[in-house]
Number of protein chains: 2
Amino acid sequence: MTGIDDVARAAGVSTATVSRALSGRGVVSAATREKVLAVAGELGYVVSVAASSLASGRAQSIGVLVPLPDLWFFSTVVSAISGRLLPHGYDITLFNLTENPAERRVLFDRSLRRGRIDGLIVLSAWLSAAEQAELAALDVPVVGIGPSPALPTLVVDDVAVGRAATAHLLALGHRDIAHIGQSDGDDFHIPTLRRRGWEQALTDAGIAPRDDLYAAGDFTLEGGRAAARRLLTGPAPTAIFAASDEMAVGALVAARDLGLAVPGDVSIVGVDGHELSRFFDLSTVDQFPHAQGERVADAMLAALGELEAPAEVGLPFELVVRGSSAAPPA
Amino acid sequence: MTGIDDVARAAGVSTATVSRALSGRGVVSAATREKVLAVAGELGYVVSVAASSLASGRAQSIGVLVPLPDLWFFSTVVSAISGRLLPHGYDITLFNLTENPAERRVLFDRSLRRGRIDGLIVLSAWLSAAEQAELAALDVPVVGIGPSPALPTLVVDDVAVGRAATAHLLALGHRDIAHIGQSDGDDFHIPTLRRRGWEQALTDAGIAPRDDLYAAGDFTLEGGRAAARRLLTGPAPTAIFAASDEMAVGALVAARDLGLAVPGDVSIVGVDGHELSRFFDLSTVDQFPHAQGERVADAMLAALGELEAPAEVGLPFELVVRGSSAAPPA
DNA sequence: TTGAAAGCGCTAACAG
DNA sequence: CTGTTAGCGCTTTCAA
C-alpha cells in the first residue's frame, strides 16, 4: 500500500503538507496543493481511515439504525441518506435493530460504542425510552425520523395526516368512514397519531367516531386485507382510511374479493406514497420517504458542522387523489 | 472515554494482557481472562476500532455493494447478511452503487480503498467487466451473488429456474406459453438465462419458442402489466412465465383489467418468492433471498477464515405452486 | 503465561 | 505557508 510519506517524498513536501492538501484543513498554497493532488492521484493514494480516524477523531462514517431494513419505507430512506452523505465523504454503517435482546445488547453496548461512527441516524420509533436515552448518551450527534421523547427528530404531523385523509373522504360526502390502524395510546406512536387525526376530523364534522368502524391491522398487505374483510362484512362503511399503503392495498383486494367495487361501493385511502399505491391507483397521503432521508441526512450534516442548520420545519406530506376514492353510493 | 490502560490498571495486568483477553488472540490464563472481562464490563470499556484496526490491520467491517438498496430483493439479502455477520463482530458498511459515473468513481477510487472493510460482498450483476476486475484487485476478499465473469460468486441456476417454471406450465397442458423478461444475450445476465430456460423447456417439449410470445419488461409492476397487456391483446397465450414476481403481479392485474380470469383464462408464474407473490396467490419459483444473504455471508466468513469453507453447491430454488396456474381453458 | 516496547499511518500543535 | 514532532489507542513481537 502506498502511504502518506510515499506521496510526500514524490511531491517533495512533508507529510503534514500532504495531509493538509488532501483534507482541506489548514492552509496550503494553491501550487503545492495541486502538486500534491496530482502526485496522490498518480500513485493511487487513499488516506487510511483507521490512521486518520485515530489521529483526528473523525471516523468518516455515519451509522443508520434501522428496525426492518427490508421494509420499503426504511430501505428507501436509507438509500436517500446514502446518496446525500457520500459526497461529503461519509460511509454508511448499517445497524439492524432486531427484536432479539442479546443482539440488541451487542448493538448498544459494543457496535455503537466502538468509535466507528461520527453520528447516528435513528429510523425507529420502536426503541424503549431507556434505549433512546442510551443513544442520547453516545458521544456523537444523534438525529432521527419520527416522534421520540428523548431524541431530536424530524417528524411528520401524523395527526394532520390522519385528518387530511379523513377530511378528503368527508368532503366527498362519506359519513361512515372506517379506519385501519394500530393504536396503543402512546403519544409518540405514529399509528396512534393517525388514528387521532381520523377521530378529530370526524368530530369536527359532527360525526362521532365509532369503535366498530376501527380495525387493527399490522401494516402488512395481509393485515390490511383481514381488517378490511371484517369491516366490510360487518358495519359496512362506505369508505376506509388505512394507516399505510400496504394495508390500503390489502383492503382494495378484500373489497374486490367481496364483490365490492372501488370506489363505486367503497372508497379507500392510504398513507405513504408507496410504489404500490401508484400501481393500484390508490389515493394516498404521500409522505415523501426519499425526501425524508435527504432531510435527516442534512440534519446530521448540520449537526456535524458541515452544513448550515436547515430551517426547523416539519416534514411535508400531501394528499394525492387517485382512483380509489369518490363519492359514496347514492 | 475509558481506554485499555484504564482496564489494565484496574485489573492489575498489562495492556498486552487486556488486549489478548478481550480479543481471544494469544494465550491468557482463565483466571486473568475472567478478571479482565469483569473489569472491562464494569468500566464499560469497548475497544476502539480505529486504534485496533490501525494496529492489527483488521477493520471489523464488511462492505456490501448494492445497486438498488430499495428493491425488496436486495434489502432482504442485506438484512440477512447483517444478521449473520453481527455475531462475528462485523459491522456492515453499505455502498450504494448508483448509475452516476462521478459517484461510481468516488466509490471505487476512494470509499472501497480506504481500508474500512475486511471484505466486500457484491450484490450486483450490473458491474462492467472493468469494474469487476477493479474489485478483484482490492486487497480484501470479494464474494458476490449472481453470475459474474471476474468475481467468485454464488449463483442460482437461472436456466433451470426458467425451465422449472415453464415445465410446470407444460405439465398443466399449456402449449402457448409466453415469457416476460429482458434478454440481452449476455451469459452473465440473469434475465437472459431465465429466457434460455423458457426456450429450452419449450424445445424439449417439441414446441418452437415464438418471438411474438416474448415481451420485454423492466422488472417493475408497471413493466409487467404493460408487457402482459401486449401479449394478451395480441397472440393471446394461455400462460405467462414472468421473470420476476413483480412483473407477474403486474401481469395478473393486466389480465383482470382485460376481463380475463386467472387461472381460468390464463395462467401466470413468477420468480423470486417475493412477499407479493404470497399475497396475490401467485405461483412462483422461490429463490429464497434471505437464505442467499446467509449463504453469501457464510462464504465471506469462510474467506476470512472464521468458518469452515461451506460446500460449493448452487443456491437452491423451488417451484411453489399456488392459485395462479392451472390447466388451460378447454 | 505475562510484560515491555515498538510501531500501525496519520493529524495537529508548534515553530519557523 | 511549510516542516518537525509528539501522539492517537491499540496489537504484537520479543524477552522473561
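Below, chains carry the letters A, B, ... as their sequence lines are ordered, and counting in each starts from 1.
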Please evaluate residues B/R9 and B/D6 with respect to the criterion salt bridge (Lys or Arg N to Asp or Glu O under 4.0 Å), reporting the C-alpha separation (whole Å), side-chain torsions for both, the decisive distance (0.1 Å), and the verdict.
CA-CA 5 Å; B/R9 209 171 304 122; B/D6 297 313; 3.5 Å; yes
With respect to the side chain of [X], which nucleotide from [options] is positioned closest?
X	options	value
A/S19	D/dG9, C/dT11, C/dA5	C/dT11
B/R25	D/dT12, D/dG7, C/dT1	D/dT12
A/T17	D/dG3, C/dA4, D/dG7	D/dG3
B/R20	C/dC8, C/dC10, C/dG3	C/dG3
B/S14	C/dT11, D/dT2, C/dG3	C/dG3
A/V27	C/dC10, D/dT2, D/dG9	D/dT2
A/A51	D/dG3, C/dC10, D/dC10	C/dC10
B/S48	C/dA5, C/dT1, D/dG9	D/dG9

Taking all non-hydrogen atoms of both residues, which atom of B/A302 and which atom of B/E308 are closest, and how far apart?
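Answer, listing the atom of B/A302 first, then B/E308: CB-O, 3.9 Å.
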Can you name the nearest heavy-atom pair linking A/Y90 to B/R114, along with the distance?
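It is C-NH2, 4.3 Å.
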Counting the atoms with a prime plus P, OP1 and OP2 as sugar-phosphate, which does B/T32 contact under 4.0 Å by heavy atoms, base, sugar-phosphate, or nothing?
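Result for B/T32 = sugar-phosphate.
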Regarding A/V18, tell me which of base, sugar-phosphate or nothing describes its non-hydrogen contacts under 4.0 Å with the strands shown.
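Counting heavy atoms under 4.0 Å across all strands, no contact is made by A/V18.
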Kindly say if B/S52 contacts the phosphate of D/dT11, meaning a side-chain N or O under 4.0 Å from OP1 or OP2.
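For B/S52, the contact criterion (side-chain N or O under 4.0 Å from OP1 or OP2 of D/dT11) is met.
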Given 3.5 Å as the limit, does a donor-acceptor pair link the side chain of [X] with the main chain of [Y], or not?
X	Y	value
A/R116	B/Q60	yes
B/T15	B/A8	no
B/T76	A/D70	no

DNA chain C: B/S56 or B/S29, which has the more 5' nearest nucleotide?
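So the residue in question is B/S29.
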Given DNA chain C, 5'-ward residue of the pair A/A50 and A/R58, judged by closest heavy atom
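Counting from the 5' end, the first nearest nucleotide belongs to A/A50.
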In this structure, how many angstroms lie between the [atom2] atom of [N] and the [atom1] atom of [X], rounded?
X	N	atom1	atom2	result
A/L22	C/dC10	CG	P	10 Å
A/Q60	C/dG9	CD	C1'	15 Å
B/R114	C/dT11	CZ	P	12 Å
A/D5	D/dT5	CG	P	15 Å
B/R33	C/dT2	CZ	C1'	13 Å
B/R113	C/dC10	CZ	C1'	17 Å
B/L54	C/dC8	CG	C1'	4 Å
B/K35	C/dG3	NZ	P	13 Å

